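Both backbone and side-chain heavy atoms feed into the values below; hydrogens, waters and symmetry mates do not. Both counts, for ligands and for their atoms, begin at 1 and track the order of listing. Throughout, residue positions are numbered sequentially from 1 according to the sequence presented. Keep in mind it's a predicted model, so treat the numbers as computed, not measured.
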Amino acid sequence: MKRIAVFTSGGDAPGMNACIRAVVRTAKYYDLEVFGITRGYDGLINGDIVEMDERSVSNIIQKGGTILKSARSMDFKTKEGRKKAYQNLKKLKIDGLVAIGGNGTFTGAEIFFDEYGIPTVGAPGTIDNDLYGTDFTIGYDTAVNTALDAIDKIRDTADAHDRIFFIEVMGRDTGYIAVRSAISGGAEMAVMPETKTSVKDIITKLRFGSSHSKASHIIIVAEGDEPGRAQIIADKVKKELPNLDTKVTMLGHIQRGGAPTAADRVLASRLGVGAVEGLLKGKANVMAGVINRTLTYTPFHDTITKKKPLNKDLIRLIEILNGRKYATEA
Ligand code: F6P
């Protein structure tokens with residue numbers, strides 16, 4: 001292997017730049033030529049590929065977003081698109097790829113490998129933490145801390161006005177961001193796809209709280225498969241409990257930006273090094289991840305198809321830390 005290329009794809013995540021930096025510097029460390037592809041698979045198809053060196057990645061470890069830009073490519077889903085991508089790689093004699101992204105990115109990488117055999121090693125970059133094969137994904141810790149900062153601020157005003165706040169966090173169809181931001185933000189409840197909390201449960205909890213002199217509540221709602229879910233739930237609750245003062249805040253894309261935390265920078269650096277060293281060891285069609293503090297490589301197929309369950313112990317904490325059992329006390 002002499003020439004590799006790196007790209008970021010799908011939803012950007014804080015720490016992607018730290019990972020690009022690690023990929024480029026590791027490549028140079030091992031005397032490889034290294035290229036950056038802009039806008040993910042779209043750049044691969046359009047030939048937006050530039051050579052990089054140690055200096056191209058100076059002063060980016062602390063930056064959110066991605067210097068290589070990102071996209072969710074529709075063209076790469078077509079055979080013609082992938083053919084163009086392959087031709088561009090052949091033209092530049094690129095014989096290995098590092099793909100930084102999530103589920104969609106690795107789905108594309110697996111198909112591309114099956115069709116053209118270009119070895120690709122992935123690094124998990126998504127705030128959602130929804131990938132099997134790594135305990136944490138790049139960007140997740142930062143997103144949780146961003147959500148936490150917002151929750152702390154909302155709590156001040158919730159308390160001042162004795163209000164019930166429904167705060168919606170991202171996470172696609174998982175509750176990873178919800179569970180950690182709920183525990184760290186001291187939320188009274190977290191509504192997540194994994195726990196199937198019903199509106200009835202929420203009403204029960206709120207009634208119980210009100211009857212025990214609890215005036216303000218923070219309820220974290222994972223967007224699930226329908227962004228805007230917090231508003232839908234809040235409307236239903238308000239209908240049943242019209243006297244409560246309810247408010248909804250959707251945190252939205254602020255969770256995707258900002259300087260990565262130390263944890264994300266270290267993880268991203270480690271996975272960037274791991275991805276390049278993986279390619280050099282002949283690995284292909286796998287994602288580098290960290291499980292129990294150990295660098296591992298998991299087939300793309302498993303990262304896409306297998307489910308990483310939420311830690312049930314963490315879910316339990318939310319209920320325990322919010323007092324007595326309430327579900328039966330309606
Ligand atoms: O996958 C990251 C993520 O931010 C999800 O949490 C969210 O559901 C989605 O991307 C939003 O995507 P977009 O920025 O394309 O609207």
Is it true that atom CZ of Arg229 has more than 12 heavy atoms of other residues, nucleotides or ligands lying nearer than 6.0 Å? yes
Mind running salt bridge (charged side-chain N to carboxylate O under 4.0 Å, His left out) on Glu188 and Lys214 for me, showing each step along the way? CA-CA 11 Å; Glu188 279 70 25; Lys214 184 154 180 51; 3.0 Å; yes
Test your reading of the structure: does Gly171 have an N or O sitting under 3.5 Å from an N or O of ligand 1?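 In this structure, Gly171 places an N or O atom under 3.5 Å from an N or O of ligand 1.
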Short N-O contact, Asp235 and Lys239, less than 4.0 angstrom: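 No.
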Any donor-acceptor pair under 3.5 Å linking the side chain of Asn145 with the backbone of Asp141?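 The answer is yes, because a donor-acceptor pair under 3.5 Å joins these two groups.
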Val248 backbone acceptor or donor facing Gln231 side chain under 3.5 Å: no
Nearest heavy-atom approach of Thr303 to Tyr132 is CG2-O, 3.3 Å
Among non-hydrogen protein atoms, atom 2 (C) of ligand 1 lies closest to Asp128 OD2, 3.3 Å
If you scan protein heavy atoms around atom 11 (C) of ligand 1, the nearest is Arg256 NH1, 3.7 Å
Nearest heavy atom to atom 8 (O) of ligand 1: which of Glu223, Met170, Arg172, Arg72 does it belong to?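 That would be Glu223.
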Close-contact set for ligand 1 against His253 heavy atoms, below 4.0 Å: 13 (P), 14 (O), 16 (O)
The answer for which part of Gln255 has a heavy atom under 4.0 Å from ligand 1 is neither
Quick one: does ligand 1 sit under 4.0 Å from the side chain of Ile127, the backbone, both or neither, non-hydrogen atoms only?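 Looking at Ile127 and ligand 1, just side chain atoms fall under 4.0 Å.
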